[in-house]
Chemist: 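First the structure, then my questions, so here it is.
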Amino acid sequence: MIMVYDIEEKRVSKILKIGREYLNWIQNSVFEGEITASKFNKMKAKIKDKIIEEKDSVLFFKFKNNKVFKKEVMGKDKNPISDDQSYMV
């Protein structure tokens, strides 16, 4: 899964903290990693409590399996993860 957010500055640290609980922080406003459906629902509930839906945006990219997704990095990989980790929900 990949999570990307565009949050008003006042709430960025709260969303960053929640994202780090469940996924790997790879760049500003971007997370990646494997997460179970149960944990995904918990994460979404926490995020929903913190955002203002009229102002903030959080996107989730879900992949059916790790065979249809391959990450390619140009430049420094700020938080590399192994190729064995998948991106499923």
Side-chain angles (χ1 to χ4, degrees):
M1 158 178 285
I2 295 176
M3 180 179 102
V4 179
Y5 62 85
D6 184 5
I7 303 289
E8 197 170 74
E9 191 174 341
K10 298 178 208 170
R11 292 176 295 283
V12 166
S13 64
K14 295 174 184 172
I15 303 306
L16 177 65
K17 184 178 177 182
I18 294 168
R20 283 180 161 171
E21 286 180 43
Y22 296 93
L23 298 168
N24 301 307
W25 184 46
I26 57 170
Q27 288 198 343
N28 293 341
S29 308
V30 182
F31 290 85
E32 70 179 356
E34 184 177 351
I35 189 169
T36 64
S38 173
K39 287 183 178 179
F40 179 54
N41 288 333
K42 288 178 185 175
M43 181 177 72
K44 286 194 305 181
K46 288 181 180 181
I47 290 171
K48 188 171 182 156
D49 285 346
K50 302 296 182 193
I51 66 171
I52 296 175
E53 293 186 7
E54 295 80 23
K55 296 181 178 181
D56 303 326
S57 176
V58 182
L59 307 173
F60 302 100
F61 298 91
K62 305 174 190 176
F63 302 92
K64 297 278 184 204
N65 62 57
N66 62 358
K67 293 180 182 175
V68 298
F69 179 79
K70 182 74 176 170
K71 182 174 81 172
E72 182 176 328
V73 178
M74 294 179 69
K76 182 179 178 182
D77 192 352
K78 293 183 177 180
N79 190 7
I81 60 173
S82 73
D83 287 340
D84 296 338
Q85 291 179 294
S86 61
Y87 303 89
M88 300 178 356
V89 171

Chemist: Tell me yes or no: between the side chains of Tyr22 and Lys46, is some donor less than 3.5 Å from an acceptor?
Modeler: yes
Chemist: Is the centre of the Phe40 ring less than 6.0 Å from the centre of the Phe60 ring?
Modeler: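 Yes, the ring of Phe40 comes within the 6.0 Å limit of the ring of Phe60, centre to centre.
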Chemist: Quick one: closest heavy-atom pair of Met1 and Ile35, and the distance?
Modeler: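 Smallest interatomic distance, heavy atoms only, reads SD-CG2, 4.0 Å.
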Chemist: Given side chains that start at C-beta, do those of Asn41 and Met43 come closer than 4.5 Å, heavy atoms only?
Modeler: no
Chemist: Tell me, do Lys42 and Glu21 make a side-chain contact under 4.5 Å, heavy atoms counted?
Modeler: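 No. Closest side-chain heavy atoms not under 4.5 Å.
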Chemist: Set out, in order, the CA-CA distance, both residues' side-chain angles and the distance that settles side chain to side chain contact (heavy atoms under 4.5 Å, CB included) for Ile7 and Ile51, then state yes or no.
Modeler: CA-CA 7 Å; Ile7 303 289; Ile51 66 171; 3.8 Å; yes
Chemist: So do Arg11 and Lys55 actually touch side chain to side chain, heavy atoms under 4.5 Å?
Modeler: yes
Chemist: Taking the side chain as every heavy atom from C-beta outward, state whether Lys50 and Ile18 have any atom pair closer than 4.5 Å.
Modeler: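 The answer is yes, as the side chains (C-beta and beyond) meet within the 4.5 Å cut-off.
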Chemist: Considering only heavy atoms from C-beta outward, does the side chain of Leu16 approach that of Phe31 to under 4.5 Å?
Modeler: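 When only atoms from C-beta onward are counted, Phe31 and Leu16 do touch, with a gap below 4.5 Å.
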Chemist: Measuring from Asp56:CG to Tyr5:OH, what's the distance to the nearest 0.5 Å?
Modeler: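 The CG atom of Asp56 sits 11.0 Å away from the OH atom of Tyr5.
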Chemist: Please tell me if the side chains of Phe63 and Ile2 come closer than 4.5 Å, counting only heavy atoms from C-beta onward.
Modeler: yes
Chemist: Donor-acceptor check, side chain of Asn24 to backbone of Gly33, threshold 3.5 angstrom: yes or no?
Modeler: no
Chemist: Carefully, step by step, assess Trp25 and Val30 under the rule side chain to side chain contact (heavy atoms under 4.5 Å, CB included).
Modeler: CA-CA 6 Å; Trp25 184 46; Val30 182; over 6 Å; no
Chemist: So which atom in Met3 and which in Val58 form the shortest heavy-atom distance, rounded to 0.1 Å?
Modeler: CG-CG1, 3.9 Å
Chemist: Given side chains that start at C-beta, do those of Ile15 and Ile47 come closer than 4.5 Å, heavy atoms only?
Modeler: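 Yes; the side chains approach each other to less than 4.5 Å.
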